[in-house]
Each structure stands twice: as C-alpha cells, then as structure tokens.
Amino acid sequence: MSGEGPVRVLIDLTRCQGYGQCAFLAPDVFTMHGDEAVLYDPDPDDAQRERVLRAAAACPVQALHVDRMAMRHRTASGPATRDGAAFRRDGRIVIVGASLAGARAAAVLRREGFTGSLTVIGDEPHPPYDRPPLSKRVLSGGVPAEHTLLPRLREEIGAEWLLGTAATGLDLAARRVRLADGREVGFDRVLIATGTRARPWPDPAEAALRGVHVLRTMEDAAGLREALAAGPRRVLVIGGGFTGSEVASVCRDLDLPVTLVERGPSPLSGALGGVLGEVAAGLQRAHGVDLRCGVTVTSLEGDADGRLRRAHLSDGGTVDAEVAVVALGAVRNVEWLRGSGLAAGVWGVACDAGCRAVDANGLVTDDVFVAGDIARFPHPVFQYQFMSLEHWGNAVDQAEIAAHNMVSDQTRRWPHLSLPVFWSTQFGVNIKSVGVPTFADEIVVTQGSVAERRFVAVYGHRGRITAAVTFDQGMWLEFYRRLIERAAPFPPDFPHVDRREDPRPVPAGAPERIVAAAGATVVVTGHDPSERRASLAPGR
Amino acid sequence: MASQSPSESPSQSTSGSASESPSVSTSEHASQSVFQRILDPANRADPYRLYHELREVPVRREADGTYVVSTYREIVELLHDPRVSSDRRNLARPYGADALADAMPALAFIGLDPPEHDRLRRLAMRHFGPPHTPYRVESLLPEMSAMVTGLVDGLAGRHRADIVDDVAYPLPVTVICRLLGVPREDEPRFHAWADAIVETLGPGEEDRAERERARLETTLHLRDYLQELVAAHRRDPGDDLLSGLATYEGPDGAMAPADVVATAGLLLIAGHETTVNLIANGMLTLLRHPELLKRLRGEPDLVVRFVEELLRYEPPVQFLPQRVALADIELAGTTITAGSPVVLALASGSRDPAHIPDPDVFDPDRPYTEHLGFGGGVHYCFGAPLARLEAQLALRELAGRLRAPRLVADPPPYRPSATLRGPRHLLVDYDGVDPASP
C-alpha cells in the first residue's frame with residue numbers, strides 16, 4: 001500500500017462531523033480549526049501516505065476519500081428495455097462542464113455500467129478540481145492552488161476530456177454541441193453542468209485596476225493568495241456572503257486589516273436570515289473585521305499606475321485599500337445555450353426533479369439533463385418551489401441522480417430529493433446548514449448558546465420545520481434533517497439536552513425575495529436515492 | 001424459538017442440543033428474553049448468532065422497562081438524537097437510584113450531557129489531541145512501538161503464551177499510565193478497582209441498585225487514590241495529562257478538582273479495560289483466519305483495515321448501557337417512553353445486514369467500513385486514536401513474529417462483562433519468535 005505515487009485526498013465535508021480522527025492520525029495533513037472544522041492538504045507529500053491511509057480508515061463516517069471517490073448508494077438494476085440496454089452499451093453521452101458536477105456524473109455513468117462513448121467538455125484548462133479549499137487553506141497559504149485537483153478522475157473514468165475549450169452552442173435538433181474552436185461533438189444524450197462564474201465588478205475599468213480580485217477559479221485563488229502574501233495595508237471585501245466572509249476570515253488569520261462592506265443588514269443574512277446574520281456580524285467584529293453593513297461600494301479609485309488605492313461608499317465614507325475582493329455572488333453560465341430552445345436564463349436552466357431539462361414551452365426533454373449550480377429544479381419539500389443550489393453537496397447528489405437517470409428507463413428514474421446541505425468555515429467556527437433557511441418565517445435556538453457561538457438554530461415556516469443551522473454543533477444536524485423530512489411541527493416541542501436559550505421563536509429575518517406560495521406540505525421518505533419518494537401530506 | 005412453549009410440539013423443537021437437559025434449558029429459554037440470553041455468561045463466546053434474533057425487532061422493550069436498540073440505522077439515529085441523555089439522573093422512577101446518586105462522586109463526562117459534557121471533554125481534549133495538542137498521540141508512537149517489541153521479545157524462549165496477560169493487557173496499561181502520569185507500579189491497586197467497576201456497568205435494571213452500591217464503594221477507593229495523585233501533580237506538574245487537567249485554566253475555565261479526579265478515573269479505566277479486548281479479540285480473529293494471518297505477515301499495512309474491520313466484527317464495547325430517553329421517541333414502529341433506560345447494542349448494529357453486506361464475514365478488504373466500534377455522536381470514544389494505534393502495532397508485531405501460532409482452546413474463556421467483552425485468557429502455542437525487524 002505504500003509507495004504507489006502521489007496521494008490524493010478529498011473529504012466529503014457534507015458528511016464530515018468533525019470527529020477529528022484524521023487530525024490525530026495524520027496531523028501534518030489534517031488540521032482542526034476550532035472545535036469542528038477540518039482543513040487539509042488534498043495533495044500531501046508521498047511520505048504521508050501511510051498516515052493518510054490510517055486516517056481514512058479511521059474516519060467514523062467514512063467521508064475521507066484517498067485516490068478515488070467512490071459512492072455508497074446502490075447501483076441500479078439495469079435497464080428494462082432493449083433500447084435502454086443498447087444505449088447503455090454503445091450510446092454517446094456528452095457532459096458539458098468539467099467541474100465537480102460534470103466529473104461526478106462521468107464517474108457515476110461508468111459505475112452504472114455505461115460503456116458507450118463519453119466526452120467531457122470544460123472551458124478551464126485543468127482537470128476537475130475542488131473549489132471550497134480555494135477560499136480557505138489556499139488563500140491562507142496552507143496549500144498551493146494546484147493541490148486542489150480532484151482524486152484521479154481522469155485515469156479512472158475513461159472518457160475523452162476536451163479541456164480548455166468552452167462550449168458555445170447547443171443544437172438539439174442535430175444533437176450537437178459546438179465548441180469555441182469550431183469543433184462539433186455529437187451526442188445521444190447531453191448533461192449540462194456549466195455551473196457559474198464570479199459576478200464581476202460592474203464597472204469594467206474599475207474592475208481592471210490592479211488589486212481588484214474575484215474568487216472562483218484556481219487562478220483567481222493563486223492570484224489573490226499572492227496579493228495577500230504581499231502584506232497589503234488593508235483588504236476590502238465587497239459582499240458579506242459566504243465567500244466574502246471566508247476571505248475576511250483568512251485575512252484576519254493572516255493578521256491583515258480588513259474592511260467588509262455588505263449591502264444587507266448583516267453578513268450571511270441573505271443565506272441565513274437576519275438573526276444569525278447578527279451572530280455572524282458579532283463573530284466578525286470579535287475577530288477584528290471592520291464591518292460596514294447597510295452600505296455599498298459606489299466606486300473604486302485607482303492611482304496613476306492603475307493600482308487600486310481607495311473605495312468610495314454609499315454613506316459618503318471611503319476605505320483606503322490595496323486589495324479589493326469582489327464577492328458579489330455568481331452568474332450562471334447560460335450564454336452558450338442561447339437559441340437552444342431550452343428554458344435557460346439568468347435563473348439557470350429549468351429542469352424536473354429527475355434533472356431533465358425543460359424547454360422554453362415548459363415541456364420536459366428526454367435527452368437533455370442538467371446538474372449542479374446551473375440547474376433550477378422544483379423541490380417538493382419546499383412547496384415545489386424552483387430552486388438552484390450553489391452547494392458542493394448538491395453538485396455531487398444531483399450529478400449522481402442525473403447520471404443514473406441518463407442511463408435508466410423511465411420507470412427506474414430517481415427524483416432529486418436530497419435536502420440542501422452546506423457548510424462554511426470562518427473565524428474558527430464550522431457553520432453547517434440543512435434545509436432552506438430562507439424558506440422560513442421564524443427561528444428558535446434549540447441547543448447550545450449563542451454567546452458561546454456553539455448552537456443549533458431551527459427555522460420554521462407556517463408551523464413546520466424547514467431548516468436548521470449549526471455553529472460548531474454539526475453532529476446534531478442529521479437529527480434535524482429527519483425532522484425536516486418528516487415535516488415535523490415548528491417550534492420543536494420536545495424535551496432535549498442543552499436547552500439554554502429562550503424557547504420562544506422570533507422572526508427569522510429571511511430576505512424578502514423569497515415569497516413562499518401557500519399550500520403543499522410534502523413528506524419525504526427513504527434513505528437511498530433509489531428509495532426516496534415524496535408524498536403530499538394531508539393539510540394540517 | 002424462545003416464544004415456543006415446550007409442551008406445544010416437542011417433536012418440532014430444534015433448540016435443544018444433545019448435551020443440554022431439554023426440560024431445564026427450554027423452560028429457561030421460554031422465560032428469558034433474547035437480550036437476557038445475550039447477557040448470560042454462557043453465551044459470552046458467541047453473542048452474534050443471538051443478535052440476529054435481537055434485530056428481528058429493532059427496538060425491543062424488556063420486562064424491566066429497558067429499550068434495547070439493535071439495528072444500525074436506529075442506533076445511529078439515537079446517537080445523534082438530542083432527546084437521548086447519557087445522564088442516568090434523568091431516569092424516571094422507579095429506575096433511578098436517587099439516594100445513591102447524591103453519594104456518588106462527580107460524574108465523568110461519559111455520564112453527562114451537553115453543555116457540561118462538552119465543556120469537560122474539551123478541557124480534557126486540550127491535553128490529548130487536536131486542535132490544541134495534535135501531535136501528542138503521534139509523539140507516543142516510537143515509545144508504543146518499542147513497548148510492543150519488548151512485550152513480544154518476552155514471548156521468546158517458550159512455546160506457549162497468554163496473549164491477554166503477556167501483551168494485550170500490559171501494553172494499554174503502560175501507555176495510559178505514561179499518558180496520564182500514573183505510576184506504573186500502582187497497577188495492582190487500580191487494576192482491581194477497574195475490574196470491579198467494569199463488572200457494574202450492566203446493562204439491565206433489575207440488579208441495578210446492587211451494582212450501583214458496589215460501584216460506589218469501589219469508586220470511592222479509586223477517588224481517594226486519584227485525589228492524592230492529582231494533588232501531587234498539581235504541586236509538581238509534568239508533561240502528562242493529569243498535570244494538564246489539574247493546572248490549566250482557559251476560555252472554558254478550569255476543571256474543578258472533583259472533575260479532574262472523575263475524568264482521570266474515566267480515562268484510566270476506559271484506557272485499559274477496552275483496548276485489552278481489542279487486541280485479544282484481534283489475535284483470536286487472526287488465529288481463526290489463517291489466510292489473513294499469512295497475508296498480514298507479507299502485507300503489514302493491511303493491519304490498518306484489519307483493525308477497522310475488527311472494530312466492526314468483534315468490538316470490545318458491545319453495548320452503550322446507560323442512555324435515557326428524555327421524551328417519547330418514535331423509532332422503528334415503537335415508542336420509547338420518556339424516562340426509560342435505553343441500551344444501544346453497538347455490536348449488533350455493526351453486523352446489521354441492512355447496513356453492510358455479509359455482516360458475519362470478516363473481510364478487511366471492504367471499500368468502506370462504517371461501524372459503531374467507538375460509538376458515535378458527541379460521546380464518540382475519547383481514546384479511539386490511541387486504541388487504534390495500539391491494536392495496529394500489537395497485531396502487526398504478533399502476526400509478523402510468532403512462528404506458526406495456534407489457539408490452545410477455541411473458544412477461549414471470557415471475562416464476565418457483557419458490555420466490555422473479551423477473553424480472560426488467550427492461550428497460544430507457537431514454534432518460536434522471530435527477531436524484531438530493525
């Protein structure tokens with residue numbers, strides 16, 4: 001087992017519960033950051049192989065993958081019809097998008113027994129890599145950006161990888177994908193997984209100033225890392241979502257002065273609502289972030305050499321900074337689908353719960369599938385509201401569903417019913433979420449203490465639980481996931497350990513753009529994707 | 001079979017083996033639940049076939065009001081369910097031994113709930129592992145390795161050894177003494193107390209009061225011993241865990257002196273009453289699988305996955321015997337009523353065919369081995385990394401150096417405890433001992 005070349009490590013942080021066994025057994029590779037968050041080097045030195053294998057074997061939830069990323073759920077039983085079997089044997093599948101969702105789908109297709117031709121198209125020149133570390137250990141200098149390549153995908157999967165070539169068009173009638181270099185690739189079925197890109201600073205001239213960064217790709221991370229390592233006198237972070245907050249956290253770890261400007265009332269309030277937004281604001285201030293909320297940056301000012309020196313704010317103030325990080329969210333990569341006839345737009349690409357794309361008429365297509373950040377699908381648990389989830393775990397889960405459905409007959413298809421789960425590591429705290437925290441009218445802290453920043457907050461919508469967010473209490477998250485799946489009543493009314501905060505719910509302060517439609521209450525059952533089903537619950 | 005009355009159809013009965021006296025054993029079976037039979041020392045050598053029967057009802061109510069949970073998914077759910085307490089003071093009457101609870105010394109964190117559990121565990125972890133002391137366990141590796149080599153060297157010059165007394169017991173005791181800062185020469189004193197406490201763990205409620213009394217008496221001896229020791233470490237701190245517990249004060253405050261003693265007692269007992277079973281069970285499993293013994297000699301890294309599968313297949317901790325439901329909990333079609341004692345049958349859960357294919361096959365090559373060997377949730381075994389490394393080192397050394405080892409008796413004699421299950425002795429004959437690899 002030793003001396004078999006480079007080691008590749010990937011932790012499924014959606015599963016990780018922070019037991020820390022890896023940090024005991026391979027302390028040079030895995031580091032606990034606070035109580036619960038684990039940071040690691042995905043491409044450790046060969047000399048660490050024995051320790052890494054020990055750590056992987058010891059992971060209590062088996063979330064640590066070495067050299068390959070396998071799946072736990074059952075394989076399908078195979079197609080029922082002759083056509084299905086023929087397609088599985090020698091069909092042509094093209095995956096557009098070579099990041100997490102695309103790579104994952106490719107692996108699942110092979111595991112499901114698809115032996116036909118498989119082509120993966122990606123606009124970036126790199127093999128698939130993992131983005132979450134980019135705003136954490138890569139920025140802090142803990143690991144180089146190029147260490148984030150996903151474990152041995154290319155060798156394992158056996159696909160044609162067309163990397164560094166963007167897709168520029170989709171012709172559904174001719175079943176062809178057009179590429180930027182003029183080539184065309186034919187398919188029988190296609191998976192759209194082109195994801196998102198960083199939303200740029202709106203003024204191109206200001207965006208071009210030296211010192212103005214976005215953070216999405218490996219190159220972005222390497223460039224920003226270099227800028228931070230140079231020791232700027234101050235860093236300005238524009239936007240207090242997860243990426244912006246994580247960047248601010250890294251700046252403080254590096255002891256760099258940082259100002260964070262957030263348009264909303266508090267950081268993270270867009271995703272977690274106002275109550276936890278205030279907790280996040282307290283966390284940032286306690287770590288020395290100069291936090292300005294309810295304010296926007298109106299312009300960026302450069303010096304004669306085209307270097308950023310100052311930002312002007314909507315409240316009339318200014319911030320002198322040599323580095324600015326534009327963290328204003330993402331833009332979906334849908335331009336290449338213009339004219340394809342699909343219902344694609346700034347909202348993403350609409351699809352059904354089985355990942356089949358919907359065309360502009362609202363008709364479901366048979367051979368076009370969507371997965372990852374770009375997919376917009378109806379979620380039965382949230383009143384069939386169409387949502388797109390820019391989460392690592394969603395990319396993985398949805399890609400698995402899409403890939404399975406691409407090679408399965410109609411009666412064997414699976415719905416994408418997994419609840420959204422995401423995590424963020426900032427200021428030494430591990431934040432995890434299950435459900436949709438913005439789909440809520442009230443919130444209550446059930447376990448732990450807000451003052452200690454170790455707690456579980458539960459969100460409710462019209463008397464049922466719709467989400468839970470933990471700060472360094474991730475081991476309890478699964479319990480609340482099950483409550484959400486069972487449409488359990490809100491507020492929770494049972495005795496339990498560690499109840500310290502006021503049991504009376506308060507308004508969640510969810511942003512207003514989410515307006516819930518009245519009506520459906522759905523119960524989800526089943527554990528394995530092959531078993532998961534939604535059913536409407538009688539009105540309560 | 002247990003529900004079948006002996007008078008019904010004796011001709012169809014398949015339960016009585018030739019050597020048993022049918023009238024006695026069948027009537028005993030009829031009155032004993034499958035869980036009681038599992039606890040019966042007569043079944044200590046192989047409880048696993050009884051776990052099959054136990055799992056037929058994932059959540060089972062015993063006559064004494066205890067709920068026994070035996071399937072993987074249900075156990076995992078309860079390990080992460082905040083309505084389940086580890087603090088037996090939450091038991092509804094008549095289970096609680098309230099009078100005794102007042103007399104008991106401070107509870108160690110294994111018997112407490114958050115937030116107190118979390119605070120004490122964090123304070124203890126600070127001196128043992130990440131995030132504050134990530135290299136502590138790794139730094140013990142060379143010393144542990146030398147200890148193992150020394151113990152196996154000691155088997156040379158004869159052809160029979162008791163793996164329990166000669167290797168599996170002395171290794172973890174020496175390691176935990178070294179780590180805690182407990183004098184190794186005090187071992188005969190605390191060993192007797194530790195053994196006595198282990199025998200009071202249960203599970204079961206009927207003889208609970210008696211066991212609690214026995215436990216109290218022993219715990220007080222142990223407390224007096226540790227109090228003195230902790231005082232000495234406070235006066236003259238070293239680089240050991242007791243000194244850390246006794247002197248550290250940080251964001252979570254300091255550990256109260258009574259908590260230091262309780263924590264020290266927990267780590268001392270848990271640190272040497274469990275790993276001994278892991279190592280002994282491991283050697284037994286190796287000797288029952290000669291092909292694996294052979295493989296391990298040529299493929300020493302296999303020991304990592306071997307120990308992981310061992311934790312699933314022959315775990316040293318079979319039950320978590322003392323959880324309490326704080327609310328009515330619906331689980332697998334049964335309602336566990338608030339205030340009831342709950343037993344989590346970890347060893348049964350790890351062999352649940354709904355969780356893992358061919359659960360009764362020992363297979364270290366499984367791509368994933370998710371098991372309950374160390375429990376789960378906030379009470380996950382504190383010393384797990386140490387136990388893993390000790391077992392890996394010991395089994396690799398034993399497999400690599402004993403020439404043609406074979407069991408003298410199969411099954412070996414077992415210790416009485418159903419909860420911390422393992423051989424009392426494990427006699428092995430061998431042709432010689434190969435020299436240690438450099």
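All values below were derived from every heavy atom in this structure, side-chain atoms included, with hydrogens, water molecules and symmetry-related copies excluded. Naming: A, B, ... by sequence-line order, numbering from 1 per chain.
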Is [X] in contact with chain B via its backbone, its side chain, both, or neither, using a 4.5 Å heavy-atom distance?
X       : answer
R454(A) : side chain
F24(A)  : both
Y480(A) : side chain

Handout entry: Side-chain donor-acceptor contact under 3.5 Å, S86(B) with H379(B)
Key = yes

Name the member of [options] that forms the most heavy-atom pairs with chain A at distances under 4.5 Å.
options                            : answer
T369(B), L386(B), V137(B)          : T369(B)
R136(B), H117(B), R388(B), M125(B) : R388(B)
D113(B), L141(B), V84(B), N90(B)   : D113(B)
P115(B), S85(B), A327(B)           : P115(B)
D87(B), D81(B), I329(B)            : D81(B)

Counting heavy-atom pairs under 4.5 Å to chain B, which of [options] comes out on top?
options                         : result
D28(A), L477(A), V456(A)        : D28(A)
M475(A), Q17(A), Q21(A), M32(A) : Q21(A)
C59(A), P60(A), A56(A)          : P60(A)

Problem - All salt bridge (charged side-chain N to carboxylate O under 4.0 Å, His left out) counterparts of R482(A), not counting sequence neighbours - result: E77(B)

By a 4.5 Å heavy-atom criterion (distance strictly below it), what part of [X] contacts chain A: side chain, backbone, both, or neither?
X       : answer
E116(B) : neither
L311(B) : neither
R122(B) : side chain

Practice task
If the plane angle is over 60° it's perpendicular, under 30° parallel, otherwise tilted; pick one for F479(A) and F494(A).
Solution key: perpendicular

Exercise for the section: Go through the steps to decide whether Y19(A) and F374(B) satisfy the test ring-ring contact (aromatic ring centres under 6.0 Å, His included), and finish with yes or no. Expected result: CA-CA 11 Å; Y19(A) 287 99; F374(B) 289 122; over 10 Å; no

Fill in the blank from the handout: Separation between CZ (R51(A)) and SG (C22(A)), nearest 0.5 Å, reads 14.0 Å

Exercise for the section: Rounded to the nearest 0.5 Å, what's the gap from NE2 on H371(B) to CZ on R351(B)? Could you check? Expected result: 13.5 Å

Which donor-acceptor pairs under 3.5 Å do the side chains of residues 127-134 of chain B make with protein atoms, sequence neighbours left out?
from	atom 1	to	atom 2	distance (Å)
H127(B)	NE2	G244(B)	O	3.2
H132(B)	NE2	R126(B)	NH2	3.1
T133(B)	OG1	R126(B)	O	2.2

Handout entry: Pairwise side-chain contact, D12(A) with H65(A), heavy-atom cut-off 4.5 Å (strictly under)
Key = yes

Fill in the blank from the handout: Residues E138(B) and P27(A): closest non-hydrogen pair is OE2-CD, 3.5 Å

